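Here's the structure we're looking at; comments come further down.
Throughout, numbering of the chain's residues begins at 1 and tracks the sequence. These numbers come from a predicted model, not from an experiment.
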Amino acid sequence: MKKLNVTIQLEMTVPDDWQLVETSEGTPVIQMADNKFLDLAIEPLFANDPEDMWSSSENEDELNEVLEMVESEEVAYEFVTH
């Protein structure tokens with residue numbers, strides 16, 4: 001097996017009332033309106049052809065097989081004001 005490092009960076013325009021909060025374990029998450037919370041993480045997408053439609057797997061075993069390969073995950077959130 002070999003290592004694959006994947007870095008995911010998103011830039012989003014979000015409502016002004018969203019806030020960063022931490023879980024009891026110190027994991028940062030986003031507090032949205034109506035006391036809902038959002039955590040963004042990897043969701044593997046699959047296709048039979050790279051030019052075909054990509055979708056998440058309906059097969060839990062296939063999805064778990066990919067997720068079990070993840071040794072660590074780090075997500076960073078930062079609000080940027082211009």
Side-chain angles (χ1 to χ4, degrees):
M1 294 291 249
K2 54 187 172 185
K3 297 282 183 188
L4 171 65
N5 290 333
V6 178
T7 302
I8 300 172
Q9 180 177 334
L10 304 174
E11 183 173 310
M12 302 169 63
T13 301
V14 301
D16 289 333
D17 60 352
W18 282 22
Q19 298 179 33
L20 294 178
V21 297
E22 289 188 357
T23 66
S24 61
E25 298 176 344
T27 303
V29 294
I30 299 166
Q31 183 174 4
M32 303 165 60
D34 298 328
N35 222 20
K36 291 185 181 178
F37 298 88
L38 171 66
D39 184 19
L40 298 170
I42 182 175
E43 179 185 356
L45 299 177
F46 300 91
N48 290 326
D49 181 308
E51 304 303 323
D52 203 357
M53 178 68 79
W54 292 79
S55 64
S56 59
S57 178
E58 298 294 324
N59 181 336
E60 288 289 322
D61 291 335
E62 185 178 42
L63 179 60
N64 288 333
E65 182 179 330
V66 172
L67 293 178
E68 287 174 6
M69 294 178 193
V70 177
E71 294 179 13
S72 67
E73 179 181 353
E74 185 176 330
V75 177
Y77 299 102
E78 175 187 9
F79 286 117
V80 178
T81 56
H82 296 279

Starting from L10, can I reach L38 by hopping between I/L/V/M/F/W/Y residues whose side chains sit under 4.5 Å apart?
yes
V66 vs F46 side-chain heavy atoms within contact, under 4.5 Å
yes
F37 reachable from V75 in the ILVMFWY side-chain graph, under 4.5 Å edges
no
Tell me the closest heavy-atom pair linking W54 and A47, and the distance in Å.
CD2-CB, 3.6 Å
What pairs meet the salt bridge (charged side-chain N to carboxylate O under 4.0 Å, His left out) rule with one or both residues in residues 59-82, with sequence neighbours excluded?
K3-E71
For residues 18-32, tabulate all N or O donor-acceptor pairs below 3.5 Å that involve a side-chain atom, not counting sequence neighbours.
| residue | atom | partner | partner atom | Å |
| --- | --- | --- | --- | --- |
| T23 | OG1 | E25 | N | 3.3 |
| T23 | OG1 | T27 | N | 3.2 |
| Q31 | NE2 | N35 | OD1 | 2.8 |

Connected-component partners of V80 among ILVMFWY, side-chain separation under 4.5 Å
none
Is any side-chain heavy atom of L63 closer than 4.5 Å to a side-chain heavy atom of P44?
yes
Spacing of M12 atom CE and L40 atom CG [to the nearest 0.5 Å]
5.5 Å
Under 6.0 Å from the CG atom of N48, do we count more than 12 heavy atoms belonging to anything else shown?
no
Separation of D16 CG from F79 CZ (nearest 0.5 Å)
9.5 Å
